[in-house]
Amino acid sequence: MLEKHYDHQAIESRWYPAWEENKLFSSKVDPTKKPFTVVIPPPNVTGMLHMGHVLNNTIQDILIRYKKMNGFNTCWVPGMDHAGIATQTMVEKNMRKQGIDPDSLTREEFLEKVWNWKHDFGGLIIRQLRRLGSSCDWDRERFTMDEGLSNAVLTMFKHLYDKGWIYRGKYIVNWCPALQTALSDDEVERSEEDSSLWHFKYPLVEGDGHLVVATTRPETMLGDTGVAVHPDDERYKHLIGKKLLLPIVNREIPIIAHTHVDPAFGTGCVKVTPSHSKEDFEMAMDTNLEFLTVMDKRAIMNENAPEAFRGMDRFKARKAVVAKMEELGFLLKTEPHKVAVGRCYRTKDVVEPYLSEQWFIKMEHMAKRALDVVLDGKIKLHPERWVNVYRHWLENIRDWCISRQLKWGHRIPVWYCGDCGAQTCSVELAEACGTCGSKNIEQDPDVMDTWASSWLWPFSVFGWPEKSEDLAYYYPTSTLVTAADIIFFWVARMVMSGLEALDEIPFDQVYFNGIVRDLQGRKMSKTLGNSPNPLDVIDKYGADALRFSVVYNTPYGEDTRFAEASCDLGRGFCTKIWNANRFLQMTFEGVTPDDNWREAEGDIVARWILSRLHSTIDGITEELENFRLANAASRIYNFFWSELCDWYVEFLKPLQREADEAGRAVMLGRTQAVIDTCLRMLHPFMPFVTEELWHHLDDRHEGRYLVQQDWPKLNRDLIDTEIEDAMSAIQALISGTRAVRKSYNLPNNAHFHLYLYAAPSQIRYIEEMKPILLKLAGLEDYTVLEENAAPQGCTAINVKGMSAYLDLRGHLDIEAELGKIDAKIAKINKEMKPLEGRLKNKGFVDKAPAEVVDKARADLEELKRQVDTLSQTREDLQKLGQA
RNA sequence: GGGCGAUUAGCUCAGUUGGUAGAGCGCUUGCCUUACAAGCAAGAUGUCAGCGGUUCGAGUCCGUUAUCGCCCACCA
């Protein structure tokens, strides 16, 4: 027997271990079945479960369980990302806390500390995912730094290197001074910040003329090696090739022409600092300007800067330069100006464009292919609008800077020969120069961008570059579920690498889930403290409640607003499902269910609930196939609560009391089957409570699990609109009678007599429902009228397609009743107006489809009939009052 | 500067071929009716952001404006 109260903690802690021990989530190659493969977006090894993970993983779990129930060989591969920067930063911080200077350690010592940290504290999030119910194949858990994946990374590097698509060179990169490493373009977050635009006067060497340059970065002027103007700018054309004397440093610098310059902005003259600006770098390359680096790796002014500024941090230097220029009379004006400042996505330090030697991957060819497969529809993005974003990025892609000046990561597999100077690229540790054979070689100290491992994830987890059986079977994967903020970092690059390494797309569908926000619409973040800890929420409400609530409230591809209290919805639903099952157990205690009932047979109640059930199966399946998870959740919620519990169960109560033993056995069998179907549909959303209840439903479920069962099969023949309409009318009679009782403040034991006038076909259904109708509406009896004329002292209730009158004699306040009837008539008249208007409109009658016009006519007729019924009641009442 | 999304009941959101607006929570009222008070029953609530257009008919399609949010971008 089920406990009186639904205890989510007991249930959830029981089932997950059972699932895991029975290897329900493990997948093996099986050529007789179609695979459905999902690779998890690997969370950072440093990560903790947050609401974003809850949403993302719940969606994946729903898809996996749904597909498994549909006969697919599902495989959800879990794992983690080594998260180069995040992890290294965290470990360094811990070391400093313990009084250890990370820089005092050798690379090997440092890496050992990181691995130790990973072993002791890393991967918490993977264990937390189990609490959520995630049906990952844990035997397949991978880590981007494990041996196999590292091998994949190096193999891919060598592949691209040999192809000539990887190169090393001195370019301006995004440099994080706090981390002292290069970053890719994507790792830079731009934000508009208040600053100033300073106008500096640069005097001409010859004569006493000058040019005025405007800059937002005065400190870089110490590294200026030229000033650029637009070649067609009439104001300055004659000065091109002339020299200026750079103030403070007193260096002669040329005036050059370049089309990058916008004559309309500022003064039309741009100071050029090739070593500290990407645009200036390009202009310098085109015009052979000199390069002068005036900052070091920490963004502190170096020996190339005038002595007075050396050792100053860049922001201090900015102030000092401005002050000096003002002192020298070269500062013309300072105006407020908004600038797009780039900040490191990890440290938030201002990113410095910095000239340094880095490794790059040529993206052009891979980008082209990756774009084509999406534009061709070979890969489908959901929602589709992301195609535009994807396309824009790929069409404007730049080479990917993949080297990082960190220790934690995959080392660049290139060795430099101390003798002949050649480079050797090798997947295995090189022992000698590939060109001259010298043993005097040294490996590049840099490691690769974290994404250089994650972009291989969909196939590296299956053993690539080995041609494994797993790879052949599971790749390409099926659906990728991820947040859109990594569409460039990750999604686009996986498409590129998949096509490049295997000549096949990595997945055929991508579903982008939104962001979880707080109720004010703010992104959840640690600093705001507006994010509930999912584990606390699971403790309090249960994983099922959390999952269901989040999914129910998250529209297709949109952001969602969440507060802990949102979980009331899911928790309430769990309780409802629980109690419905308790009802069944208690009411039919001792009854052995008869499973030999026929779907198409049975009374109106039976056929009605099956009709509604199959409509629901149809709807939910359709919604799930289209990633409309919230709609699917809402359909099952409404069916279970509003139809199954509120009506069907209420019908069942009197029915089973009247029935004989055989009848009860069939009733139980049928109702169990309906509940069983509901539990199957609910299972992907709420795996724990459904599993528990399913095992209580039938002893034969022992040793079997819901996720192994078939998804409910739709039988359209069971959807019967005639029955559904008849039932709606009966429901309207019941609700209408209750409403009358309520509006007169009459007690529940005040039983009315009902008069009905309706088509024989309708009366037949009502006859069949008679005991239920009398019981639920609180009627003493009803009389079927020969013609549509109610006895005196009645009030009409609105039921579509029939006339119904309640005998109120003895309870009646005539004046009040007349008022009520007038109000009702007024309301209906108001509803009739637009219908009449449309039908009078010739355009509507002529042009609208016949069925729409017919419906309008029928609706109007129905309303007219209702008014007639009410008017007649009104007359009768008036007579009664006068009598 | 370019692009995208959102705007529907007090709150969170449905509303997919255009046919005249719904749910949950909250609110009002009455009920501890032997599944469930985390419940049941009955009820109130909207110029579908504004303006214009297409159409017989627009929450739905087109244009435009506003507010909020996001993404991209070398105007120093």
Side-chain angles (χ1 to χ4, degrees), chain A residues 2 4-6 172 190 197 213-217 220 228 260-273 277-283 337 339-340 353 383 385-386 388-389 392-393 396 484-485 487-488 514-515 517 519 521-523 545 549 552-563 565-566 568-569 571-587 626 628 630-631 634-635 637-638 641-642 645-646 649-650 653 734-736 738-743 745 747-748 831 834-835 837-838 841-849 851-853 855-856 859:
Chain A
L2 289 169
K4 185 160 173 26
H5 293 288
Y6 155 63
I172 295 280
R190 307 235 165 235
L197 187 63
V213 298
T215 181
T216 54
R217 305 219 38 211
T220 63
H260 271 358
V261 180
D262 175 6
F265 184 86
T267 58
C269 303
V270 183
K271 59 187 267 321
V272 183
T273 322
S277 152
K278 186 174 271 177
E279 304 79 66
D280 294 4
F281 174 85
E282 286 165 12
M283 290 197 278
H337 189 71
V339 281
R385 64 184 135 88
W386 289 108
N388 287 333
V389 178
H392 185 262
W393 188 72
N396 296 283
D485 57 351
I487 183 170
F488 309 136
I515 300 170
R517 302 178 175 278
L519 289 185
R522 299 174 305 177
K523 203 168 167 171
S549 306
Y552 185 97
N553 281 311
T554 304
Y556 171 71
E558 297 291 341
D559 292 351
T560 184
R561 291 173 192 229
F562 179 86
S566 309
D568 285 335
L569 175 95
R571 181 169 60 178
F573 193 35
C574 287
T575 306
K576 191 72 183 178
I577 299 166
W578 185 263
N579 280 308
N581 281 271
R582 275 187 75 224
F583 161 80
L584 209 59
Q585 272 198 348
M586 293 166 78
T587 309
N626 290 299
R628 312 282 167 149
N631 300 24
S634 130
R635 277 178 193 261
Y637 182 94
N638 288 331
W641 201 307
S642 307
C645 291
D646 288 351
V649 165
E650 293 307 314
K653 286 176 184 173
I734 294 168
S735 295
R738 287 168 175 168
V740 167
R741 181 180 290 109
K742 178 91 181 182
S743 75
N745 279 321
N748 290 340
E831 285 175 34
L835 281 172
R838 277 200 280 164
N841 185 332
K842 205 164 170 308
F844 174 71
V845 179
D846 291 348
K847 292 184 184 173
E851 57 202 61
V852 174
V853 179
K855 185 178 180 297
D859 287 351

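None of these values were measured; they are calculated from a predicted model. Within every chain, numbering begins at 1; the chains are lettered A, B, ... in the order of the sequence lines, protein sequences first and strands thereafter.
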(request) Go ahead and name the base partner of rG63(B); Watson-Crick or wobble counts if both distances stay under 3.5 Å, otherwise write none. (result) rC51(B)
(message) Starting the side chain at C-beta, find the nucleotide from rC75(B), rC40(B), rG43(B) nearest to Phe265(A).
(response) rC75(B)
(message) Return the pairing partner of rG5(B) with a 3.5 Å limit on both distances, Watson-Crick or G-U wobble; otherwise return none.
(response) rC68(B)
(message) Closest approach to the side chain of Val270(A), judged atom by atom: which nucleotide of rG5(B), rA35(B), rA76(B) is it?
(response) rA76(B)
(request) Please determine, for the side chain of Val852(A), which listed nucleotide (rA35(B), rG19(B), rC74(B)) has the closest atom? (result) rG19(B)
(message) Nearest to the His337(A) side chain among rG5(B), rA42(B), rA76(B), which nucleotide is it?
(response) rA76(B)
(request) Kindly say if Asn631(A) contacts the phosphate of rG15(B), meaning a side-chain N or O under 4.0 Å from OP1 or OP2. (result) yes
(request) Compare all side-chain heavy atoms of Arg517(A) with those of Lys523(A) and state whether any distance is below 4.5 angstrom. (result) yes
(request) Could you check whether the rings of Phe573(A) and Trp641(A) sit parallel, tilted or perpendicular, using 30° and 60° as the cut-offs? (result) parallel
(message) Treating Asn841(A) as the side-chain partner and Gly843(A) as the backbone partner, does any N or O pair qualify as donor plus acceptor under 3.5 Å?
(response) yes
(message) Under a 3.5 Å cut-off for both contacts, is rG43(B) paired Watson-Crick or G-U wobble with anything, and if yes, with which nucleotide?
(response) rC27(B)
(message) Any side-chain to backbone donor/acceptor pair from Thr587(A) onto Leu584(A)? Under 3.5 Å, distance only.
(response) no
(request) Sort out the partner of rG57(B) for me: Watson-Crick or G-U wobble, both distances under 3.5 Å, none otherwise. (result) none
(message) Categorize Arg838(A) for me: base, sugar-phosphate, or nothing, with a 4.0 angstrom heavy-atom threshold over every strand shown.
(response) base
(request) Identify whether any heavy atom of Phe488(A) sits under 4.0 Å from a base atom; if not, whether one sits that close to sugar-phosphate; answer base, sugar-phosphate or nothing. (result) sugar-phosphate
(message) Need to verify one output field. Residue with the more 5' nearest nucleotide on RNA chain B, Glu650(A) or Gly736(A)?
(response) Glu650(A)
(message) Between rC27(B) and rA38(B), how far apart are the two P atoms, rounded to whole Å?
(response) 13 Å
(message) Using the C1' atom as the point on both nucleotides, what is the distance between rG19(B) and rG57(B), in whole Å?
(response) 7 Å
(message) Starting the side chain at C-beta, find the nucleotide from rA23(B), rA76(B), rA35(B) nearest to Phe583(A).
(response) rA35(B)
(message) Can you measure Asp559(A) atom CG to rC13(B) atom C1' for me and round it to whole angstrom units?
(response) 14 Å
(request) Sticking with atom C1', work out how far rC11(B) lies from rC51(B), rounded to a whole angstrom. (result) 28 Å
(request) Write down the distance separating the P atoms in rU7(B) and rC25(B), rounded off to the nearest Å. (result) 22 Å
(request) Pick base, sugar-phosphate or nothing for Lys271(A), based on heavy-atom distances below 4.0 Å to the nucleic acid. (result) nothing
(request) Tell me what Asn841(A) touches on the nucleic acid: a base, only sugar-phosphate, or nothing, going by heavy atoms under 4.0 Å. (result) sugar-phosphate
(message) Base, sugar-phosphate or nothing for Ala739(A)? Non-hydrogen atoms, less than 4.0 Å.
(response) sugar-phosphate
(message) Distance check needed: rU12(B) P versus Tyr637(A) OH, whole Å only.
(response) 18 Å
(request) Could you check whether Ser634(A) gets within reach of a base, just the sugar-phosphate, or nothing at all, counting any heavy atom under 4.0 Å? (result) nothing
(message) Is it the case that the side chain of Glu279(A) and the backbone of His260(A) share a donor-acceptor pair, with hydrogens and angles ignored and the cut-off at 3.5 Å?
(response) no
(request) Please report, rounded to the nearest Å, how far the P atom of rC36(B) is from the CG atom of Leu584(A). (result) 14 Å
(message) Taking any heavy-atom pair under 4.0 Å as a contact, classify Arg571(A): base, sugar-phosphate, or nothing.
(response) base
(request) Under a 3.5 Å limit for both distances, which nucleotide forms a Watson-Crick or G-U wobble pair with rG22(B), could you say? (result) rC13(B)
(message) Using OP1 and OP2 only, check whether a side-chain N or O of Arg561(A) sits under 4.0 Å from rC13(B).
(response) yes
(message) Considering every strand and a 4.0 Å limit on heavy-atom distances, what is the contact class for Lys278(A): base, sugar-phosphate, or nothing?
(response) nothing
(request) Quick one: closest heavy-atom pair of Ile487(A) and Trp386(A), and the distance? (result) CD1-O, 4.1 Å
(request) Return yes if the base of rU29(B) and the side-chain atoms of Lys742(A) contain a donor-acceptor N/O pair under 3.5 Å, otherwise no. (result) yes
(message) Donor-acceptor pair, distance only, cut-off 3.5 Å: does the side chain of Thr560(A) make one with the backbone of Asn553(A)?
(response) yes
(request) Look at the side chain of Arg628(A) and decide which nucleotide, out of rG19(B), rA35(B), rU16(B), has an atom nearest to it. (result) rU16(B)
(request) Choose from rC40(B), rG24(B), rC13(B) the nucleotide whose nearest atom is closest to any side-chain atom of Leu569(A). (result) rG24(B)
(request) Kindly give the heavy-atom pair with the smallest separation between Lys271(A) and Arg217(A), and that separation in Å. (result) NZ-O, 4.0 Å
(request) For the side chain of Arg385(A), starting at C-beta, report the closest nucleotide among rC4(B), rA35(B), rG24(B). (result) rC4(B)
(message) For a quick check of understanding: with a heavy-atom distance under 4.0 Å over all strands, which category does Val339(A) fall into, base, sugar-phosphate or nothing?
(response) nothing
(request) Between Arg582(A) and Ile734(A), just flag the one whose closest nucleotide in RNA chain B comes earlier from the 5' side. (result) Arg582(A)
(request) For residues Val853(A) and Phe844(A), report the shortest heavy-atom separation together with the two atoms involved. (result) CG2-O, 3.9 Å
(request) Could you work out the separation of rA9(B) and rG24(B) based on their C1' atoms and round it to a whole Å? (result) 12 Å
(request) Using the P atom on both, measure rA58(B) against rC71(B) and round to a whole Å. (result) 37 Å
(message) Could you tell me how far rC48(B) sits from rU8(B) if I compare only their P atoms? Round to whole Å.
(response) 11 Å
(request) Give the nucleotide from the list rA42(B), rA35(B), rC72(B) with an atom nearest to the side chain of Ser735(A). (result) rA42(B)
(message) Please report the distance, rounded to the nearest Å, between CZ in Arg217(A) and P in rC74(B).
(response) 15 Å
(request) Report which part of the nucleic acid Glu282(A) touches: base, sugar-phosphate, or nothing (heavy-atom distance under 4.0 Å, all strands). (result) nothing
(request) Both distances under 3.5 Å, Watson-Crick or G-U wobble: report the partner of rA38(B), or none. (result) none
(request) With heavy atoms under 4.0 Å as the rule, sort Cys574(A) into base, sugar-phosphate or nothing. (result) nothing
(request) Would you please confirm or rule out a distance under 4.0 Å between OP1 or OP2 of rC40(B) and any side-chain N or O of Trp641(A)? (result) yes
(message) By the 4.0 Å heavy-atom rule, please label Pro747(A) as base, sugar-phosphate, or nothing.
(response) nothing
(message) Tell me whether the rings of Trp578(A) and Tyr6(A) are parallel (<30°), tilted (30 to 60°) or perpendicular (>60°).
(response) tilted
(message) Just to be sure I understand the rule, does Gly268(A) reach a base, reach only the sugar-phosphate, or reach nothing, if contact means heavy atoms closer than 4.0 Å?
(response) base
(request) Could you tell me whether the side chain of Lys576(A) has a donor or acceptor atom within less than 3.5 Å of a complementary atom in the base of rC36(B)? (result) yes
(request) Determine the interatomic distance between P on rU55(B) and the same-named atom on rA21(B); round to the nearest Å. (result) 23 Å
(message) I need the CZ-C1' distance between Arg522(A) and rC68(B), as an integer number of Å.
(response) 14 Å
(message) Base, sugar-phosphate or nothing for His5(A)? Non-hydrogen atoms, less than 4.0 Å.
(response) nothing
(message) Among rC74(B), rA23(B), rG5(B), which nucleotide has an atom closest to any side-chain atom of Glu279(A)?
(response) rC74(B)
